[in-house]
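Here the structure comes first, spelled out in structure tokens, and everything after it is commentary.
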Amino acid sequence: MNLFQHFQAEVTRQIEALAAEGALPAGLDTSRITVEPPRDTGHGDVTTNAAMVLAKPAGMKPRDIAELLAARLDALPDVTETEVAGPGFINLRLSDDFWHARLADVLAEGTAYGDSGFGKGTGPVNVEYVSANPTGPLHVAHARGAVVGDVLARLLKKAGYDVTTEYYINDAGAQVEILATSAYLRYCQALGEDIGEIPEGMYPGEYLIPVGRAIAEADGAKWREVDEDVWLPHFREFTVARMMVQVKEDLAALGIRQDVFTSEKELVAAGAVDAVYKTLSDRDLIYTGVLEPPKGKPPPEDWEPRPQSLFRATRFGDDVDRPLKKSDGSWTYFANDIANHLDKFRRGFTQMIDIFGADHGGYVKRMKAAVVAVSEGKAELDIKLCQMVHLMKDGEPMRMSKRAGNFVTLRDLIDEVGKDVVRFLMLTRKSDTQMEFDLVKAVEQSRENPVFYVQYAHARCRSVLRSAPDEVPGLDTSAAALADADLGLLADPAELDLMKVMAAWPRTVEQAAEAHEPHRVAIYLNDLASAFHALWNRGNEDASLRFLQANAPEVTRARMALVQATATVIASGLDVLGVTPVEELR
RNA sequence: GGCCCCGUAGCUCAGUCGGAUAGAGCGACAGAUUCCUAAUCUGUAGGUCACAGGUUCAAAUCCUGUCGGGGUCACCA
């Protein structure tokens, strides 16, 4: 239950009631009214701007409307206090019973707490992420996009959206040709030939050595006796397949398994790009024109003004029209990607989300333009840019060179700090701001490290629950017993504060999902952990606030319900992040 | 030169479809331990929200311009 939505409905209802009585004009637009937590908790639990929003259309003073509305809201059973404040805010305070009922919700729903029907009926959503060239193992630079995409998908699912996760394999361009040629060199090497240095422009990585060896073992020297146009397709396919196996393994190590893998090459082979071209031509969205070289900096050396097939991206908000064919007549990456997005649309996705690296920022407008064009405005594309992550080691920027013994692959990063740490820390910042990732601080057990701080709160909860039967003999901490606890015994302000943070979880899920901002989950968990640690330390100052009270089994039982619920909400949030909650730290 | 992202406390960053007196951690200072442990908590100090206009009852948030940092700019992906 999103309590703010609950009270939003209540506010609307009371406005209608006032209109029915003639105290307010009929037919007021209530869509701009918000009901939300006040920024300052001193202003109560729930606040609404209704009076200020309605003042102008109603032709009344905000405070007069506020007084009318407040009087009615004050009569609601869960509301203990109303106040009209500032320019016309209505602040509500809610009863302890209301918060106890939310605690009971958590106990009843378990980690499903926060699940929402928010996204129901909005149509299927496709989240495409990683989509790295299959020319080598995933790099650290891919980590952020991978985590952001995956957690966004999980978040959307929790909020009730119908979500499919997707990886677009860029296996059609010149890069995979180079990859195949590089693998061929390694194949020759495996046959015992001296290949010398790997030529400039080839992929020199050692990860291709086993690929060459595998082909040599399977086929012997047979590819040495044929022309390039014969061996190239085989090497391309074989190598790309091997690379994708590795990519999937690396992603699996991060806890990521995507639903659909779409091959660019197969799209092209199936004629999808030709079809897009024809569709756009038929609608007069393609013409032949000459692009101007970029201003303000010297044009590329091989620049030649030449007529090319251009998509009228400017009609859909882009800055220039974009080429669809290269000089050799083959499709541009962009043309293929239009086909990719049209394919998604044809598969029923009216909402698409792409996760890009910041270096693809210049590509955003044209892709959005293409999706509008190709779906005739029926599909929507949102693109989340992930800014760079600077790897640090104890405050010092890391040079990424293999020779220096530093690692460069995603797998190495995971091996160094663990998948849970990578996942959590990648989400402690907004995705479109640059961030630092310090390998030393990442595994430090201190307040500075949010992943530790949150895990520590969970571990503390679990520890208390484990030790409860020893401290308070005869105490039953089973789910049934906790569900039956007398929650009315939880009346201390610090206890209520904790319950209020828990009750904010369903709204957090919805808001984060709607904004496509998964980092809000990590921020929320930090807040929740903070409320729990604060309550914990109250027990150090005042022994009567400790969770375990040997002489008061009923109080203890109620507090165990609170502790259990805290662990549950933390686990629910960590589940969205794909992070495993720990039972103990030690 | 065009376009995109960013600019919030000394540092690293939050900031809810525009809401009231802008928050947290680190660092500084003063305190608090029979539960997982001072690995945590409480308090104090610290701000022209880069700058200038505009829209609004209300702007860190939206619009325009300027400055600063980063990214990117046919035929790579």
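Quick caveat, the model's predicted, so the values are computed rather than measured. Reminder, nothing fancy here: chain letters follow the sequence lines and each chain counts from 1.
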Quantified in whole Å, what is the [atom1] atom distance between nucleotide [N] and nucleotide [M]?
N	M	atom1	answer
B:rU8	B:rG23	C1'	10 Å
B:rC35	B:rA30	P	26 Å
B:rU56	B:rG18	P	16 Å
B:rC5	B:rA50	C1'	16 Å
B:rC6	B:rC13	P	14 Å
B:rC51	B:rC3	P	23 Å
B:rU55	B:rG15	C1'	22 Å
B:rC11	B:rU16	P	23 Å

Handout entry: Test side-chain hydrogen bond (donor to acceptor under 3.5 Å, both in side chains) applied to A:Asn91 and A:Thr47, A:Asp40, A:Asp45, the passing residue
Key =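 Only match with A:Asn91 under side-chain hydrogen bond (donor to acceptor under 3.5 Å, both in side chains): A:Thr47.
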
Does [X] make a cation-pi contact with [Y] (under 6.0 Å, within 45 degrees of the axis)?
X	Y	answer
A:Arg322	A:Phe311	no
A:Lys325	A:Trp331	yes
A:Arg559	A:Phe547	no

Can you tell me if the side-chain N/O atoms of [X] get under 4.0 Å from OP1 or OP2 in [N]?
X	N	answer
A:His390	B:rG69	no
A:Lys265	B:rA77	no
A:Arg306	B:rC75	no
A:Lys56	B:rC57	yes
A:Lys326	B:rA74	no
A:Arg39	B:rA20	yes
A:Gln511	B:rC17	yes
A:Arg447	B:rC41	yes
A:Ser431	B:rC5	no
A:Ser463	B:rC36	yes
A:Tyr524	B:rG15	no

Problem - Exercise: do A:Asn2 and A:Glu510 side chains pair donor with acceptor under 3.5 Å - result: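 Yes, because at least one side-chain N or O of A:Asn2 sits under 3.5 Å from a partner of the opposite role on A:Glu510.
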
Handout entry: Residues A:His360 and A:Asp354: side-chain donor-acceptor under 3.5 angstrom
Key =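 Short answer, no.
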
Give [X] one of three labels, base, sugar-phosphate or nothing, depending on what nucleic acid heavy atoms sit under 4.0 Å from its own.
X	result
A:Glu471	nothing
A:His360	base
A:Gly539	base
A:Arg507	base
A:Arg559	nothing
A:Thr508	nothing

Exercise for the section: Please test A:Val569 against A:Leu528 for side-chain contact (heavy atoms from CB on, under 4.5 Å), starting from the C-alpha separation and ending with a verdict. Expected result: CA-CA 9 Å; A:Val569 178; A:Leu528 176 57; 3.6 Å; yes

Handout entry: Pair A:Glu444 + A:Lys441, salt bridge at N-O below 4.0 Å
Key =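 A:Lys441 and A:Glu444: not salt-bridged.
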
Between atom [atom1] in [X] and atom [atom2] in [N], what is the gap in whole Å?
X	N	atom1	atom2	result
A:Asn49	B:rA59	CG	P	15 Å
A:Asn526	B:rC26	CG	P	11 Å
A:Arg366	B:rC76	CZ	C1'	11 Å

Side chain of [X], base of [N]: donor and acceptor closer than 3.5 Å?
X	N	answer
A:Glu448	B:rC26	no
A:Asn537	B:rU42	no
A:Thr428	B:rA14	no
A:Asn91	B:rA20	yes
A:Arg429	B:rU12	no

Handout entry: B:rG31 pairs with, by Watson-Crick or G-U criteria that keep both distances under 3.5 Å
Key =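 Pairing partner, where one exists within any strand: B:rC41.
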
